[in-house]
Amino acid sequence: VQLQAYGGGLVQSGTSLRLSCAVSGLSLDLAAIGWFRQAPGKGREFVAAISWDGGTTYYADSVKGRFTSSRDNAENTVYLQMNSLKPEDTAVYYCAATSRLRVTWASEYDYWGQGTQVTVSS
């Protein structure tokens with residue numbers, strides 16, 4: 001099973017980015033996909049998650065209303081649309097897969113991808 005997050009970059013505050021998470025070796029029909037981030041000197045933080053069928057999404061309060069997660073199971077890809085970015089969104093972003101129910105808990109995830117850096121300048 002491999003997950004690869006990509007699409008990060010250096011952007012200005014107030015702009016948008018879309019991250020993608022390409023999944024291989026695992027049917028997305030069986031897994032919820034979560035997004036986490038880790039800023040320098042801080043622990044890994046839950047950002048968003050989307051259920052296996054895309055019918056339910058979860059967001060951290062800090063990104064609610066600005067970030068949107070979606071998925072295309074046919075393409076085995078999950079997306080995180082990030083709008084109105086702020087400097088405090090600067091972090092390495094990771095995608096992960098789980099078949100468990102507590103999708104906001106990093107410990108519930110079985111598979112993790114390498115992260116993609118998002119840097120938001122003020």
Side-chain angles (χ1 to χ4, degrees):
V1 177
Q2 287 189 327
L3 292 88
Q4 179 64 54
Y6 58 96
L10 172 62
V11 297
Q12 290 190 330
S13 180
T15 60
S16 300
L17 271 179
R18 189 177 79 158
L19 303 184
S20 301
C21 176
V23 182
S24 60
L26 175 70
S27 171
L28 281 188
D29 291 340
L30 302 176
I33 301 296
W35 291 93
F36 293 79
R37 66 188 181 187
Q38 189 163 15
K42 295 188 177 181
R44 195 162 291 190
E45 173 191 25
F46 169 75
V47 176
I50 186 166
S51 62
W52 68 272
D53 62 353
T56 305
T57 51
Y58 310 81
Y59 299 98
D61 288 343
S62 58
V63 307
K64 203 171 292 183
R66 299 188 298 121
F67 290 12
T68 303
S69 185
S70 60
R71 62 193 295 161
D72 183 341
N73 285 7
E75 296 294 327
N76 268 22
T77 303
V78 176
Y79 305 98
L80 184 67
Q81 178 66 42
M82 305 186 297
N83 298 330
S84 302
L85 282 162
K86 304 175 181 180
E88 51 262 44
D89 295 318
T90 295
V92 177
Y93 283 71
Y94 301 88
C95 60
T98 183
S99 58
R100 301 185 178 92
L101 298 178
R102 292 179 290 192
V103 298
T104 63
W105 294 22
S107 59
E108 293 290 284
Y109 285 78
D110 301 303
Y111 306 103
W112 290 82
Q114 292 185 327
T116 184
Q117 176 71 47
V118 173
T119 303
V120 184
S121 63
S122 57

Worksheet item: Can you list the residues that meet the side chain to side chain contact (heavy atoms under 4.5 Å, CB included) rule with Glu75, with sequence neighbours excluded?
Response: Asp72, Thr77
Discussion item. For Ala96, give me all partners under side chain to side chain contact (heavy atoms under 4.5 Å, CB included), at least two apart in sequence or on another chain.
Written reply: Tyr109, Trp112
Item to complete: State, to 0.1 Å, how close Ser70 and Val78 come at their nearest heavy-atom pair, and which atoms those are.
Response: O-CG1, 3.2 Å
Discussion item. Is the shortest side-chain heavy-atom distance between Thr90 and Gln117 below 4.5 Å?
Written reply: yes
Fill in: Partner set under salt bridge (Lys or Arg N to Asp or Glu O under 4.0 Å) for Arg102, not counting sequence neighbours
Glu108
Item to complete: With sequence neighbours excluded, tell me which residues meet ring pair (Phe, Tyr, Trp, His ring centres under 6.0 Å) with Tyr79.
Response: none
Item to complete: Decide side chain to side chain contact (heavy atoms under 4.5 Å, CB included) for Val23 and Tyr111; before the verdict, give the C-alpha distance in whole Å, the side-chain angles of both, and the deciding distance to 0.1 Å.
Response: CA-CA 10 Å; Val23 182; Tyr111 306 103; over 6 Å; no
Worksheet item: Does the side chain to side chain contact (heavy atoms under 4.5 Å, CB included) test come out yes or no for Asp89 and Arg66, once each step is laid out?
Response: CA-CA 11 Å; Asp89 295 318; Arg66 299 188 298 121; 2.8 Å; yes
Worksheet entry | Between CD on residue Gln81 and CG on residue Leu17, distance to nearest 0.5 Å | 8.5 Å
Item to complete: Return the minimal non-hydrogen interatomic distance between Val47 and Tyr93, and the atom names on each side.
Response: CG2-CE2, 4.3 Å
Discussion item. Quick check on Gln114: does its CD atom have over 12 non-hydrogen neighbours (other residues, nucleotides or ligands) under 6.0 Å away?
Written reply: no
Worksheet entry | Any Arg100 side-chain heavy atom under 4.5 Å of Asp110 side chain | yes
Worksheet item: Ser51 side chain to Ala32 main-chain N or O, any donor-acceptor pair under 3.5 Å?
Response: no
Fill in: For Leu80 against Ala48, the heavy-atom pair lying closest together
CD1-CB, 4.0 Å
Worksheet item: Are more than 12 heavy atoms from other residues, nucleotides or ligands located less than 6.0 Å from atom CD of Gln2?
Response: no
Worksheet, complete the sentence: Rounding to 0.5 Å, atoms CG (Asn76) and CZ (Arg71) come to a distance of 9.0 Å
Worksheet entry | Qualifying side chain to side chain donor-acceptor pair (under 3.5 Å) pairs, either residue in residues 8-23, two or more places apart | Ser16-Asn83
Discussion item. Using 30° and 60° as the class boundaries, would you call the ring planes of Phe36 and Phe46 parallel, tilted or perpendicular?
Written reply: perpendicular
Practice prompt. Grab the two heavy atoms, one from Leu3 and one from Ala97, that are nearest each other, plus how far apart they are.
Written response: CD2-N, 3.9 Å
What side-chain donor-acceptor pairs closer than 3.5 Å can you find for residues 56-63, not counting sequence neighbours?
{"from": "Tyr59", "atom 1": "OH", "to": "Ser69", "atom 2": "N", "distance (Å)": "2.8"}
{"from": "Asp61", "atom 1": "OD1", "to": "Lys64", "atom 2": "NZ", "distance (Å)": "3.2"}

